[in-house]
Amino acid sequence: MSRIYNFSAGPAMLPAEVLARAGDEMLDWHGSGMCVMEMSHRGSEFISIAEEAERDLRELLSIPSNYKVLFLQGGATLQFAQVPMNLLRGKGKADYVVTGEWSKKAVKEAKNYCDVAIAASSEDRNFTYAPKKFAVRKDAAYVHYCSNETIGGVEYHSIPEAGEVPLVADASSHFLSRPMEVSKLGLIYAGAQKNAGPAGLTFVIVRDDLVGHAQKGTPTVMDYKLQADAGSMLNTPATYAMYIAGLVFKWLKQQGGLPSMEKKNVEKARLLYDFLDSSSFFRSPVAREDRSRMNVPFTLKDAKLDDEFLKGAAKEGMVQLKGHRSVGGMRASIYNAMPIEGVQCLVQYMKDFEKKHA
Ligand SMILES: *Cc1c(COP(=O)(O)O)cnc(C)c1O
């Protein structure tokens with residue numbers, strides 16, 4: 001068996017230990033004689049899997065007891081609509097911070113539901129930094145921002161100030177890569193497939209007082225209150241994805257939890273950025289203080305060499321390094337499950353490539 005270094009932005013690498021354990025448990029989960037995929041979501045076996053996953057997630061992020069944890073479907077993209085449907089609370093307006101492709105999409109969707117004002121934007125410098133000062137309307141229902149822009153590689157390294165207005169974060173691509181002060185946020189959502197599990201599962205962590213205000217016409221499965229009351233099981237949840245995410249949570253706990261994961265992620269990101277900064281051939285477009293630890297976009301001196309770079313990398317067992325079609329260049333996503341050896345291998349390859357073409 002050989003595993004490659006997969007730098008995909010998502011679906012992305014999962015810890016080999018998690019996949020191996022899922023393999024071991026495939027035909028017979030804990031003596032049940034069933035695969036988790038075959039279990040009733042109402043049966044005691046699956047209920048225990050779901051409850052343990054929630055417990056472990058709460059422990060990892062130190063989620064306060066006045067927050068609901070929901071395991072939903074529809075991806076982070078559905079949250080672009082589900083957030084306004086649930087959080088407007090009759091106010092009719094919400095403020096958005098625009099820092100790249102994902103926050104632009106969130107704005108576009110929110111405009112179907114309310115009056116949207118832009119509280120801050122980094123468009124003036126082509127979305128290469130994270131504005132920290134938000135101009136928030138006092139009567140806005142919430143302020144939405146993307147805490148890690150997956151495509152542009154821009155990350156908020158602390159939670160911005162939004163005053164009294166609840167802050168909503170799309171944390172999809174750095175969820176569980178570092179501790180997060182949940183109590184500073186009204187709602188956090190994240191698709192699982194970037195850093196926490198398989199596609200098909202979305203985490204929503206929401207403060208109690210923001211739940212129970214869904215606007216008229218909200219589909220039942222999209223109402224946070226109804227889902228919370230039903231333990232995220234109004235209908236059949238993404239059972240297998242929840243099980244794998246639960247194994248990822250256990251793996252994270254074994255790694256020493258999020259503080260220890262953060263240390264490893266800092267080390268991996270530093271290795272790559274230090275090299276980028278020392279190179280006259282490769283370049284990172286993102287402002288130093290806002291560089292993402294998870295998604296590292298970079299360009300080559302001459303874009304005509306992009307193809308050769310990608311082909312050579314694939315030969316060495318490194319794939320999915322092509323940048324997003326909207327920005328071009330390269331992007332290395334180095335989530336929790338990417339071992340430091342993968343980053344070392346990439347940097348060595350880049351050094352050799354630079355020497356060859358300098
Ligand atoms: C991937 C991503 C999304 C969209 O996720 P889907 O699961 O495809 O809907 C939204 N926001 C961010 C920050 C992402 O990285």
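Whatever order the structure lists ligands and atoms in, that order sets their numbers, starting from 1.
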Proximity of [X] to ligand 1 by residue part, where a heavy atom lies under 4.0 Å:
X      : result
Phe175 : neither
Thr77  : both
Lys194 : side chain
Gln193 : side chain

Would you check the N or O atoms of Ala76, main chain and side chain alike, for any that come under 3.5 Å of an N or O of ligand 1?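 Yes, since at least one N or O of Ala76 sits under 3.5 Å from an N or O of ligand 1.
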Could you check whether any heavy atom of Asn148 sits closer than 4.0 Å to an atom of ligand 1, since that is the contact criterion I want to use?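 Asn148 counts as a contact of ligand 1 under the 4.0 Å cut-off.
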Quick check on Cys146 - does any of its heavy atoms sit under 4.0 Å from an atom of ligand 1?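 The answer is yes: ligand 1 sits under 4.0 Å from a heavy atom of Cys146.
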Please could you name the atoms of ligand 1 that Ser172 approaches to less than 4.0 Å, counting only its heavy atoms?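 Taking each heavy atom of Ser172 in turn, ligand 1 has 11 (N), 12 (C), 13 (C), 14 (C), 15 (O) under 4.0 Å.
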Just which atoms of ligand 1 are under 4.0 Å from any heavy atom in Phe80?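 Matching atoms, with element in brackets: 10 (C).
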Ser122 (side chain) donor-acceptor with Thr128 (main chain) under 3.5 angstrom: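 Not at all, since once roles are kept as given, no pair shorter than 3.5 Å links the two residues.
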Provide the closest heavy-atom pair for [X] versus [Y] in the form atom of the first, atom of the second, distance.
X      : Y      : result
Phe203 : Ala245 : CZ-CB, 4.1 Å
Asp139 : Lys91  : O-CD, 3.8 Å
Ala9   : Lys194 : O-CD, 2.9 Å
Ala238 : Gly200 : CB-O, 3.4 Å

Taking only residues two or more places apart in sequence, or in another chain, which ones meet Tyr240 in a ring pair (Phe, Tyr, Trp, His ring centres under 6.0 Å)?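 Partners of Tyr240 under the ring pair (Phe, Tyr, Trp, His ring centres under 6.0 Å) test: Tyr243.
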Lys108 charged N/C atom sitting above Trp102 aromatic ring, 6.0 Å / 45°: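 No cation-pi geometry.
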Stepwise side chain to side chain contact (heavy atoms under 4.5 Å, CB included) test for Tyr145 and Leu185: CA-CA 11 Å; Tyr145 79 115; Leu185 292 141; 4.1 Å; yes
What protein heavy atom sits nearest atom 11 (N) of ligand 1, and how far away is it?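 Looking at atom 11 (N) of ligand 1, the protein heavy atom closest to it is Asp170 OD2, 2.6 Å.
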Nearest-neighbour protein heavy atom for atom 15 (O) of ligand 1, which is reported as residue plus atom name and distance: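 Atom 15 (O) of ligand 1 sits closest to the protein heavy atom Thr150 OG1, 2.4 Å.
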